[in-house]
Novice: 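Sharing a structure below in structure tokens format, with a few things to ask.
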Amino acid sequence: MSVFQKFVSYSKESYNELMYKVTWPKYDALMRNTVVVCVASIILTLIVFGMDAAFKYVLNMLYQA
């Protein structure tokens, strides 16, 4: 079996698996999950920003003393 034939076989098998074996989420569930991920990302970003600002403040106070 040549490399081209292997590639064609792999592509066909991948297509069939994606079309007939994979369960895709409904649009509503996808949108809810997307909102949850975005909100969680924003919250985590704010937490890291706050910790960074606090550490910067503490280290500035220590090094100025």
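FYI, the numbering just counts along the sequence from 1.
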Novice: If the condition is side-chain contact (heavy atoms from CB on, under 4.5 Å), which residues does Y57 pass it with, not counting sequence neighbours?
Specialist: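 side-chain contact (heavy atoms from CB on, under 4.5 Å) list for Y57, sorted by chain: M61.
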Novice: Is there any side-chain hydrogen bond (donor to acceptor under 3.5 Å, both in side chains) pair reaching into residues 3-20, and which pairs are they, with sequence neighbours excluded?
Specialist: S9-E13
Novice: So which residues get pulled into V8's cluster when ILVMFWY side chains under 4.5 Å apart are joined, directly or through others?
Specialist: F4
Novice: May I ask whether V58 and Y63 are part of the same hydrophobic cluster, defined by side-chain heavy atoms of I, L, V, M, F, W, Y residues being less than 4.5 angstrom apart, directly or through others?
Specialist: yes
Novice: Would you mind listing every side-chain hydrogen bond (donor to acceptor under 3.5 Å, both in side chains) that reaches into residues 22-50, with sequence neighbours excluded?
Specialist: none
Novice: What pairs with I47 under side-chain contact (heavy atoms from CB on, under 4.5 Å), at least two apart in sequence or on another chain?
Specialist: I43, M51
Novice: Transitive ILVMFWY cluster of V3 at side-chain heavy atoms under 4.5 Å: who else is in it?
Specialist: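 The other cluster members (ILVMFWY side chains, heavy atoms under 4.5 Å, direct or chained): none.
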